[in-house]
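Report on one structure; see the data block that follows.
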Amino acid sequence: MSAPFRSPRGLWLTVLGADQLEALPLEGAGWLGVDLQHGCLEVRDLAGILRVSPVPVLARAASQDTAHLARVLDTGVAGVIVPGVGSGQEAAALVAAARIPPEGRRSTGMSRSALVGGPARPLLLAMVETAEGLAAAEDIAGCPGVDGVFVGPYDLSLSLGRPSVVDDEVVEGIRRVARVAAGAGVLAGTFSGSRELDPLLPPLDLVAVDSDVAALRLGAAALLA
Ligand code: 3PY
Ligand code: MG
């Protein structure tokens with residue numbers, strides 16, 4: 001699959017909603033990630049963010065729960081990034097949850113997506129962020145219906161027992177996921193959050209450069225310097 005966004009660089013929202021988003025200079029962003037797993041954003045925040053975002057919005061789901069994924073997809077997001085996928089079987093369960101028949105079992109209804117014309121086939125990205133997931137990367141990336149794999153380097157470093165994301169084993173893990181994704185013909189991405197990690201990353205379709213909180217901290221520090 002070819003890169004879907006005008007730039008691989010994305011900003012990861014964890015606290016900011018639609019009103020604050022409108023004021024951000026997002027010319028450099030190709031996409032936005034909305035984190036429903038960590039931070040304080042909820043499914044109900046997605047519609048407002050979708051209305052004002054100048055770029056496609058991907059939601060990082062809170063879990064692999066089928067009912068939760070349905071609520072997220074019903075908002076009309078361009079795709080979901082699903083945390084902690086550890087096997088091809090788990091990936092197949094996500095396909096069943098996220099795809100309408102005959103590909104999966106997602107139901108339809110009078111959702112925002114149906115009413116405003118959300119994407120017919122939102123992207124489904126499985127997160128590889130455990131030693132188990134890394135070992136099963138071929139099965140996850142190769143699972144029919146999965147559009148890509150997205151690394152969570154912070155959880156991966158914890159799972160591998162490594163001290164930081166710039167550790168050789170974690171970086172090799174990210175590179176392995178990128179190679180496996182290329183072999184399977186699906187997208188590859190990662191969260192970064194580290195200016196030391198950035199130069200070590202392989203070419204990727206999606207890089208969540210950092211969070212909205214990091215952007216606020218950098219902006220405040222620069223203003224007050
Ligand atoms: C991780 O690094 O574990 C992530 O989930 C990024 O948000
Ligand atoms: Mg994680």
Side-chain angles (χ1 to χ4, degrees), residues 5 8-16 29-43 45-46 49 55-65 68-69 72 77-87 90-91 94 98 123-137 140-141 146-178 180-181 187-202 204-218:
F5 307 130
R9 294 168 74 78
L11 183 67
W12 198 250
L13 300 183
T14 65
V15 297
L16 297 182
W31 59 283
L32 290 177
V34 177
D35 193 350
L36 304 175
Q37 183 185 28
H38 299 294
C40 54
L41 295 173
E42 303 285 350
V43 175
D45 296 312
L46 285 170
I49 291 172
V55 289
V57 174
L58 302 177
R60 194 265 286 273
S63 74
Q64 298 177 23
D65 178 71
H68 170 69
L69 291 174
V72 173
V77 286
V80 278
I81 302 174
V82 188
V85 182
S87 66
E90 278 182 33
L94 297 179
L123 290 174
L124 173 58
L125 305 177
M127 285 192 79
V128 170
E129 50 181 352
T130 58
E132 185 196 11
L134 192 56
I140 296 168
V146 167
D147 296 311
V149 276
F150 192 94
V151 180
Y154 293 87
D155 277 320
L156 184 60
S157 70
L158 287 177
S159 177
L160 295 174
R162 307 311 301 170
S164 86
V165 294
V166 288
D167 177 87
D168 286 351
E169 220 178 300
V170 177
V171 172
E172 175 46 32
I174 300 171
R175 293 182 181 160
R176 171 169 144 67
V177 168
V180 168
L187 303 172
T190 192
F191 181 84
S192 172
S194 161
R195 301 299 73 81
E196 288 168 66
L197 178 60
D198 292 341
L200 305 175
L201 294 175
L204 293 163
D205 302 296
L206 302 109
V207 178
V209 179
D210 219 320
S211 70
D212 50 2
V213 172
L216 286 171
R217 288 165 65 97
L218 280 171

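Start at 1 and go down the list; that is how both ligands and their atoms are numbered. Please read all numbers here as calculations on a predicted model, not as lab measurements.
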Evaluating non-hydrogen atoms only, which member of Ser194, Gly152, Gly84 is closest to atom 4 (C) of ligand 1?
-> Gly152
Top protein contact for atom 2 (O) of ligand 1, by heavy-atom distance = Tyr154 N, 2.7 Å
Against heavy atoms of Glu129, which atoms of ligand 1 measure under 4.0 Å?
-> 1 (C), 3 (O), 4 (C), 5 (O)
Please state whether the rings of Phe150 and Trp12 are parallel, tilted or perpendicular, taking 30° and 60° as the class boundaries.
-> parallel
With distance as the sole test, does Asp45 use its side chain to make a donor-acceptor pair with the main-chain N or O of Glu42 at under 3.5 Å?
-> yes
Find, among atoms of Glu129 that are N, O or S, the one nearest to the Mg ion (ligand 2), and state its name.
-> OE1
Count the heavy atoms belonging to other residues, nucleotides or ligands that lie under 6.0 Å from CZ of Arg175, then report whether that count exceeds 12.
-> yes
Which atom of Asp155 is nearest the Mg ion (ligand 2), counting N, O or S only? It is OD2
Within the structure, does Asp35 bring an N/O atom to less than 3.5 angstrom of an N/O atom in ligand 1?
-> no
Out of Phe191, Phe150, Trp12, whose heavy atom is nearest to atom 6 (C) of ligand 1?
-> Phe191
Return the residue, atom name and 0.1 Å-rounded distance of the protein heavy atom closest to atom 5 (O) of ligand 1.
-> Arg60 NH1, 2.8 Å
What are the two closest heavy atoms between Asp210 and Leu11, and how far apart are they?
-> O-CD1, 3.3 Å
Heavy-atom donor-acceptor pair, Asp205 side chain to Gly189 backbone, under 3.5 Å = no
Numbered atoms and elements of ligand 1 in range of Met127, under 4.0 angstrom, heavy atoms = 4 (C), 5 (O)
Residue Asp155 vicinity, atoms of ligand 1 by number, heavy atom under 4.0 Å | 1 (C), 2 (O), 3 (O)
Main-chain N/O of Val165 paired to Ser157 side chain as donor or acceptor, under 3.5 Å = no
Of all heavy-atom pairs between Ser63 and Val82, which one has the smallest distance, and what is that distance?
-> O-CG1, 4.0 Å
